[in-house]
Each structure stands twice: as structure tokens, then as C-alpha cells.
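Remarks on the structure that follows.
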Amino acid sequence: MAGNHQVRVRFAPSPTGQLHIGNVRTALFNWLFARQRGGIFILRIEDTDVERSEARYETQLMEDLKWLGMDWDEGPDVGGPYPPYRQSDKMDVYREYAERLIREQKAYYCFCTAEELERDRAQAMAEQRQPNYSGKCRNIDLAEAERRRAAGEPAAIRLQIPERPIRFHDIVRGDVEFSNEVVSDPIIVRSSGMPTYNYVVVIDDAGMKITHVVRGDDHISNTPKQVAVYEALGLPVPEFAHLSTILGPDRERLSKRHGATSVANFREMGILPEALMNYLALLGWAPSGGDRELFPKDELIKEFSLQRVTPSPAVFDTEKLHWLNRQYIKQSAPERIRQMGIEILQRAGLLPVSVNSNVSGWANSMIDLLAPYVDQLDQLPEKAKIIFSNDPAAALAVPENAEAFNDKGKAVAQAFAKRTESESPLTPERFKAIMDEVKAETGAKGKDLFHPVRIMLIGSHSGPDFNKLIPLLEDGSKLELPVHVKNVRERVAEFMAVLEQRA
RNA sequence: GUCCCCGUCGUCUAGCCUGGCCUAGGACACCGCCCUUUCACGGCGAUAACACGGGUUCAAAUCCCGUCGGGGACGCCA
């Protein structure tokens, strides 16, 4: 394909806060589209809102994108042929274009005051009309307007919307048409001399030779205004693709009150980046056939297509994200999960700040054992409670557990206790032998045999395999850890004390 | 209020453009069974949807109109 047909897309966030999940999805679709088509993905930081923009958010935003696995070909850090990629502050260019529009009578000075406009708007609403600009300054003679400005009267510049419908093509929604009646002449330069967003964004996008504008559908109503700017300036109009909104479970736009909504949140929770990317891609896009869910990055790039993006809004479903995350945890190299797990356990105060090889070896086996049980890695400390804490009273307070210690269960507990008080350390082999003896002595088998023992050891009748659990308890008890791990003998002794007392 | 967008299982969606292959497919969740001396994992299975009403047609989830419902935009914010 010839170079001049090359796809050029951009993600243009404002560094005013944490990168929101909806915005990353927009970034992702831009990126996937660019990579799929062998195009250019551009990062442009919109920090014109000086009051709210912060450098740390910009850094964070770039880290978040990288963490997710995205890269950009042009941007504030890597440069590119059409700078600037940070400030879209090209005042002279904006002014020059605005002057040209005035000269060509495609734009005009507007002397209306804010109060006047507000009054008109309120009246239109009251009369159930579209609150459009009246157009009262449209016919002020240019010479007259210049005279008033020279006399110090403040004036904004408005673009004159043509007397015909404005159409544009949207890859997701097809042809979209807005009647010119509903598109007010937009202000492109404020009376303060500052250009407005709808004007600036067009010049910036055109300047960067953007071929496809992929963004959230909250911009769809702005699009006719922007198209009018392109046309007035004689600039080529790009293709558009407006992505639907991501909703919370209550079908309201996803926001902070729905819980985790920023990339940073998911990262801290121990969601793997490939799982998040996969999930986000599936929100609004599906492959033809729609029968595959697992899409690693490379597969997404291969399969993605903007034409297949759905126009309807999607509810964010944490359960499905969790499912994908579990899939990727299982597929992932064990070392990676171990390392992440150790950091999380350290933060929870269960592992020392610096781990020696004895501790890390032990921690690794523990993480290997527990990781398949979690939806997100930050659940590890909670799951590790079975190893780090031992509370017989609490365990017996659960009716279901207490029931396991009927006469037969109690006999099992006593027989087991009798054999383990001298058995230390306990190996899995020895454990098995003991269980066989207990079985012979008490006649208990199956659940009757194993439930009491498991409750004694970890306070619950469900949990990981004994063969792996026993060594973890025995080895852990010998390590210097912030929280002492009790071995089997200690656990059984404590448990029996409480059990006898209750009887 | 006006305009725009959207409307398939509880959720994400395939199918819709190019009507018949749809007895509407897949996935998550839920439920059941199997595996496992428990739980989880895994395997198998079940329940579950074309918003409603009119057309057009031999035939409509698919095309047209209307209604209802949801979301968004209506700024000298971005």
C-alpha cells in the first residue's frame, strides 16, 4: 500500500487525572486499528487546561499505556514529524486560520454578551426549541465590525454553518446526517482571543494528518461542527469512528462510584495487563463468528477491525474480567506470578521486606498453591490466611464446621492428635500413613475422615491438597517470618485444647 | 424541551448490511452431574434473549413505520 494511504490515528487524553477505563478502551481501539493496518499510532497530550493538567498524570498515563502493552510511533516523548505532541498551543496558526475564515466570510465577529446569549438560550428552552444561536451578528458588515473592535468592544469569532445538512461517515454507525438547523454557528475564538476546542482539535488533527478519528461517542454531537471547520478551511475530512459508552451495572455511565475504574486500580488489584487488554477489546468488539474469547495481543492485532465494533453501549462485567484474568494467570510463567505474589504478600506484611532464598523458595510454593484460587492477585493475602493464621475458636463457631465434630469426628480428631503430637516434622508420606491408621481405628472414611482433620489444620473443610499443604506448614514454621506459621503439631494441640474445653 | 445515538439470554456478544441454512450460536455468571477421600481446577449438561405494535413478503431477529425504554449532546469546557 502506498505511503500516502497510511492510516494515522491518535489518542489525545488530557492529563487531568487517572487514566479511566473508558479512555483506555479508546486508546486500545486506536492502537489496534493502527497496528492491524500497519499504520501510525500517535499520542498527543492535551494539556491546554493548565489549571487541571499535571505533569505526574502525564507520566502515569504513559506508564499505564505501556503497562497494558501499547506503544506509540509519535508522541511527546518520542517526537515525530508534526510537533508539538504536548501542548496544542499553536496560537499563531489558529489566529492565522481564523483571520482567513473572516476574510473569506466563512466566519464573523460576534458581539453578543454572555448575558444576551444566556437569555436567548433560556427562552428557546422555554419555547421547546433547539437552543441555537440566533445568528444576529451574522450580517454585521466586516468594516463595521472592525470599527467596533477598534473601539474596544469585545468580540468572539463564530464559524458560519452552511445552509445545508452536514454529513459525515462513521465507521461504527454508518452515514450520519445533522440538519444545519440544529448546529449553531460555533464560537471558534473567544473574545479573549483563546481558540476553542472544536476549532483547535480540527487544526491539530489535520496538522498531524490524522486519517481516522476514533473516540468516545460523547463527541458525536460535536462532529458536525468540526466537519464544518474542516470544510471551511478546505482541509480533508477524516473518517470517524465513535465508540459507545462503557456503563456500570446500573446502566449508568461507568464512574468512580462503581468501584475500580482506572488502569492503576486494576494494576494494583493484580489484574494482568493482557487480561485487561483482552477484556477491553471484547467490550464492543467481537471477532466474526463470535465464538472465541481468548485473544492475546498478537491475535487481537490480527483479528481486530473497526467495522466490527458495536454501536451499542456495554456494561462492564467484573466477573468476566476475573475469568479472563484466571485464564492468563494459569497460562503465565510461574516465575512472573511468584514475583508479583511476593510483592503483594510483602505489602500485606506477611513476608519480610527482604526475602532470602529460604523464604522465597517457601513463598514460591505457597503462591503456586494459592494462585489458582484467586480472581486477582491481591486476593493472595486473604487466601494465605489458612497458612498464616490459626483460630480454632473461630473455626468451631461456624456451625457447619462444628457439625464435623460429632462423636465420630471427635474420635478422628483424637486419634489424629495422639499420633501427631510426637510426629514433627510431619511429611506427606507419614501423614498418609497416619490417616490410614486413624481410618482403621475409628472406622471413619471419606468426608467423615478428612473434614475434621482439615478443619483442625486450616479452619475450613475446603482447601488445597494435603500433599502440598503439609510441607508448607512444616517448612514455614521454621522460617523467620513477620507472622509465625504454626506447624501441624502446634495447630492440632491448640485445636484440641479448644475442642475439649467446649465439650 | 430539541436533536443525535442505541435496544438479541442477567452480562459481553454472533447472526442483521446481502430476508429462508435461526429449532437464534459462543462466552461469563447461575444451577445440576462427573472427576477429586473435601473445596477449587477440569469435563459434561440444563435454564435463559430477538423491547413492543403495525406493515412489506410465500418467508423477518434480519427491510420500513410508529411506540416505549436507555444513553449522549445542546457552553466564549475539553
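In what follows, every chain begins at residue 1, and chains take the letters A, B, ... in the order their sequences are listed.
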In terms of side-chain heavy atoms of [X], which of [options] is nearest?
{"X": "A:P313", "options": "B:A78, B:C6, B:U37", "result": "B:C6"}
{"X": "A:K330", "options": "B:G42, B:C76, B:A14", "result": "B:G42"}
{"X": "A:Q128", "options": "B:C6, B:C3, B:G1", "result": "B:G1"}
{"X": "A:H451", "options": "B:A78, B:U38, B:G26", "result": "B:U38"}
{"X": "A:E252", "options": "B:G1, B:C76, B:G71", "result": "B:G71"}
{"X": "A:T196", "options": "B:A78, B:C4, B:C12", "result": "B:A78"}
{"X": "A:D218", "options": "B:A73, B:U13, B:G15", "result": "B:A73"}
{"X": "A:N222", "options": "B:A78, B:A14, B:A29", "result": "B:A78"}
{"X": "A:Q130", "options": "B:C6, B:C74, B:U38", "result": "B:C74"}
{"X": "A:F450", "options": "B:G26, B:U37, B:A78", "result": "B:U37"}

I need the [atom1]-[atom2] distance between [X] and [N], as an integer number of Å.
{"X": "A:M435", "N": "B:U36", "atom1": "CE", "atom2": "P", "answer": "17 Å"}
{"X": "A:I166", "N": "B:C4", "atom1": "CD1", "atom2": "P", "answer": "13 Å"}
{"X": "A:N132", "N": "B:G1", "atom1": "CG", "atom2": "P", "answer": "18 Å"}
{"X": "A:E319", "N": "B:C28", "atom1": "CD", "atom2": "C1'", "answer": "8 Å"}

Within the pair [X] and [N], is there a side-chain N or O less than 4.0 Å away from OP1 or OP2?
{"X": "A:T310", "N": "B:U13", "value": "yes"}
{"X": "A:R121", "N": "B:C74", "value": "no"}
{"X": "A:R251", "N": "B:G72", "value": "no"}
{"X": "A:R454", "N": "B:A40", "value": "no"}
{"X": "A:R129", "N": "B:G1", "value": "no"}
{"X": "A:K383", "N": "B:A40", "value": "no"}
{"X": "A:R215", "N": "B:A78", "value": "no"}

Look at the aromatic rings of A:F466 and A:F450 and report parallel, tilted or perpendicular, splitting at 30° and 60°.
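Correct class here is tilted.
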
Salt bridge flag under 4.0 Å for residues [X] and [Y]:
{"X": "A:R121", "Y": "A:E118", "value": "yes"}
{"X": "A:K468", "Y": "A:D368", "value": "no"}
{"X": "A:D185", "Y": "A:R138", "value": "yes"}

Look through every strand shown and name the nucleotide pairing with [N] as Watson-Crick or G-U wobble, where both distances are under 3.5 Å.
{"N": "B:C9", "result": "none"}
{"N": "B:A73", "result": "B:U2"}
{"N": "B:C44", "result": "B:G32"}

Classify the side chain of A:Y373 and the base of B:C39 as holding, or not holding, a donor-acceptor pair under 3.5 Å.
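Answer yes: a donor N or O sits under 3.5 Å from an acceptor.
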
Determine whether any donor atom in the side chain of A:S191 lies under 3.5 Å from an acceptor atom in the base of B:C76, or the reverse, and answer yes or no.
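Pair found.
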
Distance only, no hydrogens: is a donor on one side chain within 3.5 Å (strictly under) of an acceptor on the other, for A:H451 and A:N401?
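No.
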
Does A:F178 reach the side chain of A:P165, with side-chain heavy atoms less than 4.5 Å apart?
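A side-chain contact is absent here, since even the closest heavy-atom pair is not under 4.5 Å.
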
Could you check whether [X] gets within reach of a base, just the sugar-phosphate, or nothing at all, counting any heavy atom under 4.0 Å?
{"X": "A:C112", "value": "base"}
{"X": "A:G174", "value": "nothing"}
{"X": "A:R292", "value": "nothing"}
{"X": "A:L117", "value": "base"}

Pairwise C1' distance for B:C63 and B:C17, with rounding to whole Å
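Rounded to whole Å, the distance is 10 Å.
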
Checking the side chain of A:Y197 only, and the main-chain atoms of A:I188 only, is there a donor and an acceptor separated by less than 3.5 Å?
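Judged by distance alone, no pair lies under 3.5 Å.
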
